Amino acid sequence: MKRIYLDHAATTPIHPSVKQTMREAMEESFGNPSSIHHFGRESRKRLDEARATMAKSINTNYESIIFTSGGTEANNLAIFGTAYANQDKGKHIITTQIEHHAVLHPCEQLEKEGFDVTYLPVDENGIIDIMDLKNALRKDTILVTIMFANNETGMKQPIQMIGNMLGKRNITFHTDAVQAYGIEEIDVEQLRIDLLTVSSHKIYGPKGIGFLYKRDGVNLVQRLYGGEQERTWRSGTENTLAIEGFKKAVELLMEERNGRNEHYQQLSERLLQTLDEREVDYNVNGELDSEHHVPNILNLSFSGMDVEMFLTNLDLSGVAVSSGSACTAGSIDPSHVIKAMYGEDSERLRNSIRFSFGKDNNIEDMEQVAERIQSIVNRLASNV
Amino acid sequence: MIYLDNSATTQPDPEVLKTFQTVSTNFFANPSSIHSAGSEVEKLFNKAREQIATILKVNREEIIFTSGGTESNNLAIKGIAYEHKNRGHHIITTQIEHPAVLQVCKQLEDEGFKVTYLPVDKYGMIDMDELKQAITDETILVTIMHVNNEIGSIQPIEEIAKHLKQYPKIMFHTDHVQGYGKIPLPYHVDGLDLVSISGHKIHGLKGTGCLIKKRHVTLQPLFQGGSQEDAVRPGTENVAGIVSLAKAMRLMHENQSSYSRLNNLHQKLYQKLEKFDWTIINSSKNGAAHIFNFSIPGFKPEVLIHALGEKDIFVSTKSACSSKQNEPSHVLMACGKDLEASAAIRVSMNLDQDEHDIDQFIEALVQIVEQYENIMG
């Protein structure tokens, strides 16, 4: 039985070329970039080059990239950092009901500390209404944090419209682009984004590294105090090896992105087509047009199934998928994203599965997966 | 090449690198995923935690993985300060801490906390009585480093823990980044609540580290997000990094006995450099053997570092993390060595260093200084 990994939104395997790059870097460079001797300068040079690569990938300048230990830290730095730096101007924050927990939980913590947070609802496709955002804006709004593409459904928010609206009003705009960065061409200038979160391990890079883009002039209160690394926005000896791997992953992404996206699209289409051929009963959570949806994530509801049972059986049959974000760890709590889309009474809360595709999956895998799904659905349904 | 800057960062051990590569290749899944690929990774991850707990003689759930020493220090200090601010607003630390402690304390002062910075003597040692007297009803945290990163002075952590045990509401944190694997601590003792450890100072990888947080300790997390590390430290676990950290910690632990070799090297540096009238030795004979600090007043340390670099010998001025390289060392200033503070050189050794390295270093140093004196003279 071939094991098929369809949980790339949780994490991706490291790209072989990234591995190779890291292996070489391990042997060539270990210095502390803050040291003034040869080893330090060598590390500093590599760090600077990586920073330039990150910057170029979102059309910004070198100084705007702050390396962090990953997406969670970058989101926390953006949200707490903006809130604390601007609290004399106002204490109102706007976000959505469908953010990742690394955004929702900082917002909840800020509420406990006296900030006021508006959680925008979404429609059945998981998209906010731009007029809701407009109506929610207040004089004391200091931050809007809205994710680029949702990690459970792949639905995209109208980032350009949000950017335009906030740019005029001078309100800081943060977007969690952890899931979007591997798919979308992101130009922070054109989209008028002030803060943007990226994680390496979702784009075939190593874990433990990510970055926060911070537009020049946007003020933050730092989270980690200490040395002067990252122009004091983020203290701590730079994780140079992981940064080296991350850089390679970004270079590969820039070269391969279009091809990968086409591939994801084909995988997704083939999976749905085979399910149809096999007359498996399912509904798509969200909608699949490319304007509103990233091609690598497919969230399906299987009527009559129980998600826990379904996941266990899929796992036993060698298919690794998930019900939602891996960060809700262990327990299968009903997804807050599906709930926001379909209401808390919807049976979709208890029967939805996320498939997230990777560059190493192939068309035959999809046919296999559909076949295994069909046999599980038939077996479980007959048991009821 | 003679690398004598091991307190800035160390060369990763080949075995550590191998572990990292193997894990990142074969165990890439997210340990929070409930499918079997995820649970295999989780098992491996738990094993690493178990190993570290065994080495440190603490409980498994007392280990929190972080991105390194800076994060561990920030999590411990800010975490206690914010969590227990209704108990009191007073923190005690020393004047010679690493910036990752000092800057956090300064920030907390801006936010209304009161911080006592204990002075040190000329050897960089605090006075226990001064610590005892500094404690008030308002004190919620004492954070005192174990081994100083610039001069190697060793604070009496066990004695402090013993004393603080009678104040159950005061948490005691120590920055153990320069001590781990070299100068052991009884991690399990009552009264010692939080301990910071960094991977890249012990031949592990950058971006890895942990915080020992005893079971009874509650603190406010720095980051909010998923439920990883009991929600004290959310974020997808850097599993390959963590397993490689366990490896690095185990290797250091196993080689601990060879640390005593460094005493001879430290002594040699002391005896040889003491003889020159142009040097002032800043480290104490009783400090940590792997750190040796001296000054050549009137000689710009950067010039010396570059001249040594040309001879393939690498040392440093002070902490690589200190803000402006040209500012005098705050550690030496606190030791009352104002003159020495702007001219300090730090030699920091690893366990493999041998006599030859030290001889070469001294020889090169003497050559450079004599050359310079000839030019100037």
Side-chain angles (χ1 to χ4, degrees), chain A residues 3 5 7 10-14 19 22-23 26 30-32 34-40 69-73 75-76 100-102 105-106 108-109 199 201 206-209 223-229 235-242 311 314-315 320-322 325-330 332, chain B residues 3 5 8-12 17 21 24-25 28-30 32-38 67-71 73-74 98-101 103-104 106-107 200 205-208 222-228 234-241 302 305-306 309 314-317 319-323 325:
Chain A
R3 278 170 68 161
Y5 184 81
D7 200 13
T11 193
T12 52
I14 299 189
K19 239 176 265 175
M22 288 175 77
R23 203 168 294 150
M26 280 174 192
F30 73 92
N32 185 327
S34 299
S35 294
I36 59 173
H37 50 60
H38 163 79
F39 290 92
S69 66
T72 294
E73 185 185 335
N75 280 336
N76 275 262
H100 188 275
H101 286 141
H105 290 167
E108 285 159 14
Q109 172 66 26
S199 164
H201 78 100
K207 294 183 178 62
I209 193 75
R223 290 258 88 193
L224 297 181
Y225 291 88
E228 305 256 303
Q229 294 92 346
S235 301
T237 301
E238 299 88 344
N239 188 353
T240 45
L241 178 61
L311 280 178
L314 277 168
D315 190 34
V321 292
S322 77
S325 160
C327 305
T328 11
I332 305 184
Chain B
Y3 184 76
D5 195 14
T9 194
T10 55
Q11 187 148 24
L17 291 175
Q21 281 171 354
S24 54
T25 305
F28 74 89
N30 189 323
S32 298
S33 293
I34 59 168
H35 47 65
S36 46
S67 67
T70 292
E71 188 186 330
N73 284 337
N74 274 261
H98 188 274
V101 168
Q103 296 300 329
V104 184
K106 294 223 171 89
Q107 169 65 18
H200 79 100
L205 297 175
K206 295 181 184 64
T208 66
L222 284 177
F223 312 141
Q224 307 275 338
S227 49
Q228 295 95 343
T236 301
E237 298 90 340
N238 177 5
V239 178
E302 291 76 19
I305 282 168
H306 287 130
F314 303 96
V315 297
S316 69
T317 50
S319 161
C321 304
S322 283
S323 44
Q325 291 286 349

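Residue numbers begin at 1 in each chain, while the letters A, B, ... track the order of the sequences. The shown structure was predicted, so the numbers you read here are calculated from the model rather than taken from an experiment.
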Sort [X] into side chain, backbone, both or neither according to what part of it lies under 4.5 angstrom from a heavy atom of chain A.
{"X": "B:N238", "value": "both"}
{"X": "B:V101", "value": "neither"}
{"X": "B:A240", "value": "neither"}
{"X": "B:T10", "value": "backbone"}
{"X": "B:L205", "value": "side chain"}

[X] versus chain B, heavy atoms under 4.5 Å apart: side chain, backbone, both or neither?
{"X": "A:N239", "answer": "both"}
{"X": "A:S199", "answer": "neither"}
{"X": "A:A320", "answer": "both"}

- Task: Please state whether the rings of B:Y3 and B:F314 are parallel, tilted or perpendicular, taking 30° and 60° as the class boundaries.
- Result: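 B:Y3 vs B:F314 ring planes: tilted.
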- Message: Please verify the inter-ring angle class for A:H105 with A:H101; under 30° counts as parallel, over 60° as perpendicular, anything in between as tilted.
- Response: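 It falls in the parallel class, under 30°.
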- Message: I need the residue from A:V321, A:N75, A:L241 with the largest number of non-hydrogen atom pairs under 4.5 Å to chain B.
- Response: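 Highest number of pairs under 4.5 Å: A:V321.
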- Message: For the interface with chain B, which of A:Q109, A:E108, A:M22, A:H38 has the highest count of heavy-atom pairs at distances below 4.5 Å?
- Response: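 Top count of heavy-atom pairs under 4.5 Å with chain B: A:Q109.
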- What is the distance from atom CD of B:Q103 to atom CG of A:L224, rounded to the nearest 0.5 Å?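 The CG atom of A:L224 is 12.5 Å from CD of B:Q103, to the nearest 0.5 Å.
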- Just how far is it from atom CD of B:E302 to atom CD1 of A:I36, taken to the nearest 0.5 Å?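 Rounded to the nearest 0.5 Å, the CD-CD1 separation comes out at 5.0 Å.
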- Query: Of all of B:G68, B:G38, B:A100, which one pairs up most often with chain A through heavy atoms under 4.5 Å apart?
  - Reply: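 Greatest number of close heavy-atom pairs with chain A: B:A100.
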- Query: Side-chain donor-acceptor pair under 3.5 Å between A:H37 and B:D5, yes or no?
  - Reply: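 A:H37 vs B:D5: donor-acceptor pair found between side chains.
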- Message: B:S36: which residues meet the side-chain contact (heavy atoms from CB on, under 4.5 Å) condition with it, sequence neighbours left out?
- Response: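 side-chain contact (heavy atoms from CB on, under 4.5 Å) list for B:S36, sorted by chain: A:R3, A:D315, B:S39.
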- Message: Looking at A:N32, is its backbone amide N or carbonyl O close enough to the side chain of B:K206 to form a donor-acceptor pair, meaning the two atoms are under 3.5 Å apart?
- Response: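 No; judged by distance alone, with no hydrogens or angles, the pair does not exist.
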- Item | A:H201 backbone acceptor or donor facing A:T12 side chain under 3.5 Å |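 Present.
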